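Below is one structure, written out as structure tokens; the observations come after it.
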Amino acid sequence: MSEERLEIYGAKEHNLQNIDLLIPLYRLTVVTGLSGSGKSSLAFNTIYAEGQRRYLETFSGYIRQFLGGMERPAVDKIENLPPVIAIEQKTVNRNPRSTVGTITEIYDLLRLLYAKLGKPRGAEQTPSPDAASIPAAVLRDFEGVKISILAPLVRARKGHYKELFAKWMSRGYTRVRIDGQITELQKGLKTERYKTHDIELVIDTLTPGARNRKRLERAVRTALDISDEGILVLTGEGQTRFYGTRWLDPETGQALPEPEPNFFSFNSPKGYCPVCQGIGEVWKADLAKIIPDPGLSIRRRGIAPVNPEQHQWIAQQIERLGHKYGFDLDTPVKKIPSEALDKLLYGFREFVSWHSEITGVTEEHFVEFEGIVPLIEKNFHQQHYKSLRRWASDYMSRETCSACGGRRLRREAYLFEINGKNIGDLVEMEIGELARWFDGLEKYFSDTERIIADEIIKEIRTRIGFLVNVGLHYLTLNRSAASLSGGESQRIRLASQIGSGLVNVLYILDEPSIGLHPRDNEKLIRTLQALRDAGNSVMVVEHDREMMLAADHIVDLGPGAGRLGGKVVNQGPPEKFIRHSSLTADYLAGRKTIPLPAERRTGSGKSITLYGATGHNLKNVDVEIPLGTLTLVTGVSGSGKSTLINETLYPALRQTLHRSLDKPLPYKRIEGIEHIDKVIDIDQSPIGRTPRSNPATYIKVFDDIRKLFAQTVEAKIRGYKPGRFSFNVKGGRCPVCEGAGVRTIEMNFLPDVYVTCETCLGKRFNRETLEVTYKGKNIADVLEMSVSEALAFFDAVPSIRRKLQMLHDIGLGYLRLGQPSTTLSGGEAQRIKLTAELAKRDTGRTLYILDEPTTGLHFEDIRLLLDILNRLIDRGNTVVVIEHNTDVIKQADWIIDLGPEGGAGGGRVIFQGPPEQLIQLPDNQTARYLRREMI
């Protein structure tokens, strides 16, 4: 087994240079190299793509016609390829119903555990149903009230139930209640097959009393014979009450439903909160958006949704109300009486009288207005008019659901407890704390309960243990999947895969160390080794030093990026790898390093200080950020770095400097804002979401190129303006693909597929436009150039050369000018944004915030990134970076270290100062790893 190799011959995908490669199977292999050197092209676009294609080939021809064919990657031959599973960063689920608990399936196991063993807090068991007790209870509760006795048949189940209706119709019954509606039984009656339904059979309709007690007893007995769980009593007003062998709700006295897994699911109508339907949040009109500036009058849009010139009827209603309360459209909103403003916002119906200047008499009119808030909410929730919905969405915000408090489930679900905890308490615990709670849980169960719980608890402990081992102990099970970083999402999927117990599989991971403190990285490495030791092959695209040294085999691609890369420059076990000369090996062996700065900057003498931050796990934190410095925010995973910077400091500064409506997490005050004039968050989100967006358009260099082409002799003869050379404007672009270069094929239930336009062959422009050339190249040829090639081509044009030089200096010389933004990595997108900032003329008073900018960067790329950050700071700006990479941390002028642990054990500032002071701390986790780099 140890001798087996994955054999790759003639790989030419993207920039790969026809490479041959032998990779040992059942080993941990790291694929590394400069950004753009071809790592993802090899691992994902060649090996994983071929694995996917072979998997689809196993399907029948009939099924494949619905799935569509997959193109074979540009490779001559791949042999000994095991089944492949890719765990990428870009698979974060944006569904608001998706949580850490549902992704890992731990929540499914918790639902099963509570359905089997949960007992209601303070509830009492109802008496056994018989012909005496239940009729007596019904008579006591509903004497003299007309009711129907119903027998439950179906509870929250899918199906058409055509046969069920036919069965009871043949037995003489005439009515059923389907999803709350009484329906006559008739031939062919059925329900929608793929919707969940509640169905009850109507046994009898009567008015309970002493005279018809026997009839009531017969109806109850019949209902219990049909449904052994109990009976349902329905009043004429549509109210229901359940009677049976169930627990009673201590607050309402109502019988609680029989606990089953769906009862604890926020994705099922049986379990979710009826108000928010399991989301935990609801959309509400936001008064801060409706009245952004109370000092303005209604005419000047003091009430933002109302434009008196466009909404004349609403303005007329407001004027009529103003006659009664003494205001008009020119009165500042803050001076409108509170009672009148309340009626404007929430509606009114009343008689209003005023003196008419036309008739000279006092007139009385009935005025009715539904209110601005109800009008906005009504238009937001309607589905027919998109323009109205868009208008309303500008004034809506998400708020925590008041009914469930954001916990997603209906109130009754939280009555069921195990060892004093309901299911909501468990999902709000950090995973590390949850693991401790499950230790020794069995001692609270009886012998019979222990038999039921044993396998469930064993599986829960295993899955929780995997999450702890990949450094995610600080997460909670109710954490939304949409809020996870790429690295966190990837490690959750990794933990799930380990729990699946598969063997003889090739796992391919894309930088799983993202977002991990070096301490937690050690746990991740042990987890990957365990996956290997279970009989699998593990391939990791990675730049982390510790991961490479712990690998069994390293493959280094290069020597450069883009067209200068795509070759195997070094490979082998770590001890052999570092003896050969390559850029990566030189950094691993210490022959090449990122040097310490000659001196630490002290800054401008001014600072921004944040006081009393208490969001999430922060413990009343005070931090100082010296201006004119490189400030690093460090700490173990989950210690509160993103909470402090991204969710407190950044939105708080935006509120003051840019009048943003984003709400920061709680804090007391900020001092020193007057020393900066803007704050910019340079994250790794895409620079565009369609193939139209590219690096040239983002940094505005394409504007200069279009102007240059418009100044050529041929363009002037034809009367072409710069717009002629834009693929976003009619005239010069291809009329078929409208300048996209590709046509979009919409796939139902699948992502859209892009195919090259057959008219322009991907060149974006029509024939006439392409006939205009500059130095022998047309506009499409220029877009195909790499940044390095374009830099030489436009060397004589200063405005173009300056912007391209910045892209080249930051290590992106390999990118094509017209490369679609959808193909760029997060690290590449972030560096393009940095370039765009450098190209601007700034005031030297900007605060830049970057969250883990080293994601996807090789040692050499990090050196280039630091050069760019230092150029920003040398112009007087301030850069705040959240980072775990010690090569960056050692460059800091000022460090804010949070900890000492993640989650509840973190949220404190344990150090503020320069790196030289930090490494003196003996027990500090960050200092422990930084010491190795600085001493």
Side-chain angles (χ1 to χ4, degrees), residues 678 680 682 685-734 737-742 760 762-766 768-810 812-824 828-843 846 868 872:
K678 60 181 173 178
I680 296 174
I682 304 177
S685 61
I687 60 173
R689 301 191 181 277
T690 69
R692 289 185 180 279
S693 175
N694 58 52
T697 56
Y698 190 85
I699 66 168
K700 308 294 185 187
V701 72
F702 196 51
D703 295 347
D704 297 324
I705 293 173
R706 289 192 295 112
K707 290 175 185 175
L708 182 64
F709 268 82
Q711 291 169 4
T712 60
V713 174
E714 184 67 25
K716 287 180 178 180
I717 291 173
R718 298 187 181 204
Y720 291 168
K721 303 296 182 187
R724 178 79 191 194
F725 302 95
S726 170
F727 46 75
N728 292 322
V729 179
K730 288 181 180 179
R733 71 186 184 186
C734 169
C737 64
E738 297 182 334
V742 294
C760 67
K763 292 184 179 296
R764 299 174 177 247
F765 299 91
N766 59 28
E768 293 80 6
T769 305
L770 294 177
E771 288 173 352
V772 178
T773 61
Y774 172 78
K775 291 171 67 174
K777 301 286 186 181
N778 61 37
I779 192 74
D781 296 331
V782 169
L783 287 173
E784 284 298 311
M785 290 181 182
S786 69
V787 170
S788 299
E789 291 168 341
L791 185 60
F793 185 75
F794 292 110
D795 184 59
V797 188
S799 61
I800 297 175
R801 187 185 66 241
R802 184 173 63 86
K803 293 173 182 176
L804 292 176
Q805 187 69 51
M806 291 176 186
L807 276 177
H808 186 271
D809 291 348
I810 206 170
L812 296 178
Y814 60 91
L815 289 183
R816 287 185 295 110
L817 292 185
Q819 184 166 333
S821 63
T822 51
T823 66
L824 298 173
E828 287 168 338
Q830 190 171 43
R831 282 181 286 165
I832 289 172
K833 292 177 185 178
L834 274 172
T835 304
E837 288 302 319
L838 277 171
K840 296 176 183 176
R841 300 190 184 280
D842 59 20
T843 59
T846 301
I868 296 294
L872 284 172

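The figures that follow rest on heavy atoms only: side chains count, while hydrogens, waters and symmetry mates do not. Only a predicted model underlies this, so the values are computations on that prediction, with no experimental measurement involved. The chain is numbered in sequence order, starting from 1.
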Full working for side-chain contact (heavy atoms from CB on, under 4.5 Å) between Phe794 and Leu708
CA-CA 10 Å; Phe794 292 110; Leu708 182 64; 3.6 Å; yes
Taking it one step at a time, do Glu771 and Glu714 satisfy side-chain contact (heavy atoms from CB on, under 4.5 Å)?
CA-CA 9 Å; Glu771 288 173 352; Glu714 184 67 25; 5.8 Å; no
Take Phe702 and Leu783 through the test side-chain contact (heavy atoms from CB on, under 4.5 Å) and record every step on the way to the result.
CA-CA 9 Å; Phe702 196 51; Leu783 287 173; 3.6 Å; yes
Test side-chain contact (heavy atoms from CB on, under 4.5 Å) on Val797 and Asp704; report intermediate values, then the result.
CA-CA 9 Å; Val797 188; Asp704 297 324; over 6 Å; no
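Minimum interatomic distance between Asn694 and Gln819 (heavy atoms only, all atoms of both residues): CB-O, 3.1 Å. Of all heavy-atom pairs spanning Val787 and His808, the tightest one is CG1-N, 4.0 Å. When all heavy atoms of Cys760 and Gly741 are compared, the closest pair comes out as SG-CA, 4.4 Å. For the residue pair Glu837 and Ile680, the shortest heavy atom distance occurs at OE1-CD1, 3.1 Å. Here the shortest heavy-atom pairing between Leu817 and Pro695 reads O-CD, 3.6 Å. Of all the heavy atoms in Val729 and Gly723, the pair that sits closest is CB-O, 3.9 Å.
For Glu768 and Arg718, the salt-bridge test fails: no basic side-chain N is under 4.0 Å from an acidic carboxylate O.
Using the six-membered ring where Trp is involved, Phe709 and Phe725 have ring planes that are tilted, between 30° and 60° apart.
The closest side-chain heavy-atom distance from Glu738 to Arg692 is below 4.5 Å. Within the 4.5 Å cutoff, no side-chain heavy atoms of Ile687 are placed close to those of Thr697. Between Lys833 and Tyr698 there is a side-chain heavy-atom pair separated by less than 4.5 Å. Between Asn778 and Phe765 the shortest side-chain heavy-atom distance does not fall below 4.5 Å. A 4.5 Å side-chain heavy-atom check between Arg724 and Asn766 finds at least one atom pair inside the cut-off. Using a 4.5 Å heavy-atom threshold, the side chains of Phe727 and Ile779 count as separate. Between Thr773 and Thr712, every side-chain heavy-atom pair lies at or beyond the 4.5 Å cut-off. Put simply, the side chain of Leu791 reaches to within 4.5 Å of the side chain of Arg801, judged on heavy atoms.
Here the CG atom belonging to Asn728 is positioned 9.5 Å from the OG atom belonging to Ser693, to the nearest 0.5 angstrom. Taking NZ from Lys716 and NZ from Lys721, the interatomic distance works out to 9.5 Å, rounded to the nearest 0.5 Å. With rounding to the nearest 0.5 angstrom, the OG1 atom of Thr835 is 4.0 Å from the CD1 atom of Ile810. The distance from the CD1 atom of Ile699 to the CG atom of Leu807 is 4.0 Å, given to the nearest 0.5 Å. The structure places CD1 of Ile705 at 5.0 Å from CD1 of Ile800, a figure rounded to the nearest 0.5 Å. Separating the NZ atom in Lys803 from the CG atom in Asp703 is a distance of 6.5 Å, to the nearest 0.5 Å.
Annotation: Lys777, atom NZ; neighbour count of heavy atoms from other residues, nucleotides and ligands within 6.0 Å does not exceed 12. Within 6.0 Å of atom NZ in Lys775, more than 12 heavy atoms from other residues, nucleotides or ligands are found, so the atom counts as buried in its surroundings.
Remark: the backbone N or O of Leu812 is not paired with any side-chain donor or acceptor of Arg831 at under 3.5 angstrom. A donor-acceptor pair under 3.5 Å links the side-chain atoms of Ser788 to the main chain of Gly813, judged by distance alone. Formation of a donor-acceptor pair under 3.5 Å by the Arg816 side chain with backbone atoms of Glu784 is not found in this model.
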